[in-house]
Amino acid sequence: MGKITTHILNTAQGCPAGGISIALYHMDTPDLLLGAYCSNPDGRTGSPLLEADALHLGAYELVFHVADYFAHAGLAVTVPPFLDRIAIRFSVADPAAHYHVPLLVSPWSYSTYRGS
């Protein structure tokens with residue numbers, strides 16, 4: 001069964017990033033929000049963002065709202081913040097596969113990869 005999942009890690013403090021708002025879009029209709037989520041204390045969502053018959057071939061975008069998280073995490077950040085929203089676009093070539101899209105983030109940088 002195909003699905004999209006994510007995991008957010010705060011690399012500045014070496015911990016999961018809970019409380020980050022996440023939005024998911026399919027790029028065929030980029031103005032149509034497929035789902036809105038919030039990361040839990042483990043930096044994950046309680047269930048897949050999209051799965052089974054709802055997952056289709058094509059390009060998707062995850063938008064992570066990190067500015068508020070870092071403002072409340074006790075880190076010194078600039079005003080306005082260097083990173084506010086991080087958009088990650090990726091493509092689903094096999095709707096039956098698992099697409100895990102982790103975000104490793106600090107107030108100054110981020111990276112991602114296709115996880116398992």
Side-chain angles (χ1 to χ4, degrees):
M1 177 172 68
K3 60 185 171 182
I4 296 173
T5 58
T6 192
H7 186 197
I8 310 165
L9 298 173
N10 172 343
T11 58
Q13 295 176 308
C15 60
I20 293 182
S21 296
I22 306 162
L24 176 65
Y25 302 90
H26 192 283
M27 298 315 298
D28 284 350
T29 51
D31 294 332
L32 177 63
L33 178 67
L34 295 178
Y37 314 89
C38 187
S39 60
N40 63 25
D42 192 37
R44 302 174 186 272
T45 56
S47 60
L49 308 178
L50 211 56
E51 63 183 327
D53 293 339
L55 183 59
H56 302 284
L57 193 73
Y60 289 83
E61 182 176 71
L62 280 170
V63 179
F64 299 87
H65 298 253
V66 299
D68 289 339
Y69 168 78
F70 283 118
H72 293 98
L75 293 168
V77 295
T78 58
V79 178
F82 180 68
L83 295 173
D84 180 10
R85 295 179 185 166
I86 297 171
I88 299 174
R89 287 189 180 179
F90 62 96
S91 294
V92 169
D94 178 4
H98 180 186
Y99 289 83
H100 184 64
V101 185
L103 176 66
L104 288 74
V105 65
S106 82
W108 315 109
S109 67
Y110 67 91
S111 65
T112 190
Y113 58 93
R114 182 172 176 191
S116 57

**OP:** Could you go through the side chain to side chain contact (heavy atoms under 4.5 Å, CB included) check for Leu49 and Leu62 one step at a time?
**Re:** CA-CA 10 Å; Leu49 308 178; Leu62 280 170; 3.5 Å; yes
Does any N or O in the side chain of [X] come within less than 3.5 Å of the main-chain N or O of [Y], such that one atom is a donor and the other an acceptor?
{"X": "Ser39", "Y": "Ala17", "result": "yes"}
{"X": "Thr112", "Y": "Leu103", "result": "no"}
{"X": "Thr29", "Y": "Asp31", "result": "no"}

Subject >> Side-chain touch Tyr110/Val66, heavy atoms, less than 4.5 angstrom >> reply: no
Subject >> Any Trp108 side-chain heavy atom under 4.5 Å of Thr11 side chain >> reply: no
Atom [atom1] of [X] and atom [atom2] of [Y]: how far apart are they, to the nearest 0.5 Å?
{"X": "Leu104", "Y": "Ile8", "atom1": "CG", "atom2": "CD1", "value": "10.5 Å"}
{"X": "Leu83", "Y": "Phe70", "atom1": "CG", "atom2": "CZ", "value": "8.0 Å"}
{"X": "Met27", "Y": "Arg89", "atom1": "CE", "atom2": "CZ", "value": "3.5 Å"}
{"X": "Ile20", "Y": "Arg85", "atom1": "CD1", "atom2": "CZ", "value": "13.5 Å"}
{"X": "Ile22", "Y": "Cys38", "atom1": "CD1", "atom2": "SG", "value": "7.0 Å"}
{"X": "Tyr69", "Y": "Leu75", "atom1": "OH", "atom2": "CG", "value": "7.5 Å"}

Taking all non-hydrogen atoms of both residues, which atom of [X] and which atom of [Y] are closest, and how far apart?
{"X": "Tyr25", "Y": "Leu32", "answer": "CD2-O, 3.4 Å"}
{"X": "Thr5", "Y": "His98", "answer": "OG1-NE2, 2.7 Å"}
{"X": "Gly46", "Y": "Asn40", "answer": "N-ND2, 4.2 Å"}
{"X": "Gln13", "Y": "Ala73", "answer": "NE2-O, 3.1 Å"}

**OP:** May I ask you to decide if the ring planes of His7 and His100 are parallel, tilted or perpendicular, using 30° and 60° as cut-offs?
**Re:** tilted
Do the side chains of [X] and [Y] join up, straight or via other hydrophobic residues, at under 4.5 Å, putting them in one cluster?
{"X": "Phe90", "Y": "Tyr37", "result": "yes"}
{"X": "Phe82", "Y": "Val77", "result": "yes"}
{"X": "Tyr99", "Y": "Ile86", "result": "yes"}
{"X": "Ile4", "Y": "Leu34", "result": "yes"}

Original post:
Does atom CZ of Arg114 have more than 12 heavy-atom neighbours, drawn from other residues, nucleotides or ligands, at distances under 6.0 Å?
Top reply: yes
**OP:** Give a yes or no on whether Asp94 atom CG has more than 12 heavy-atom contacts from other residues, nucleotides or ligands under 6.0 Å away.
**Re:** yes
Original post:
Could you walk me through whether Tyr60 and Leu55 pass the side chain to side chain contact (heavy atoms under 4.5 Å, CB included) check?
Top reply: CA-CA 10 Å; Tyr60 289 83; Leu55 183 59; 3.8 Å; yes
**OP:** Please assess Phe64 against Val105 for the test side chain to side chain contact (heavy atoms under 4.5 Å, CB included), listing each intermediate value before the final yes or no.
**Re:** CA-CA 10 Å; Phe64 299 87; Val105 65; over 6 Å; no
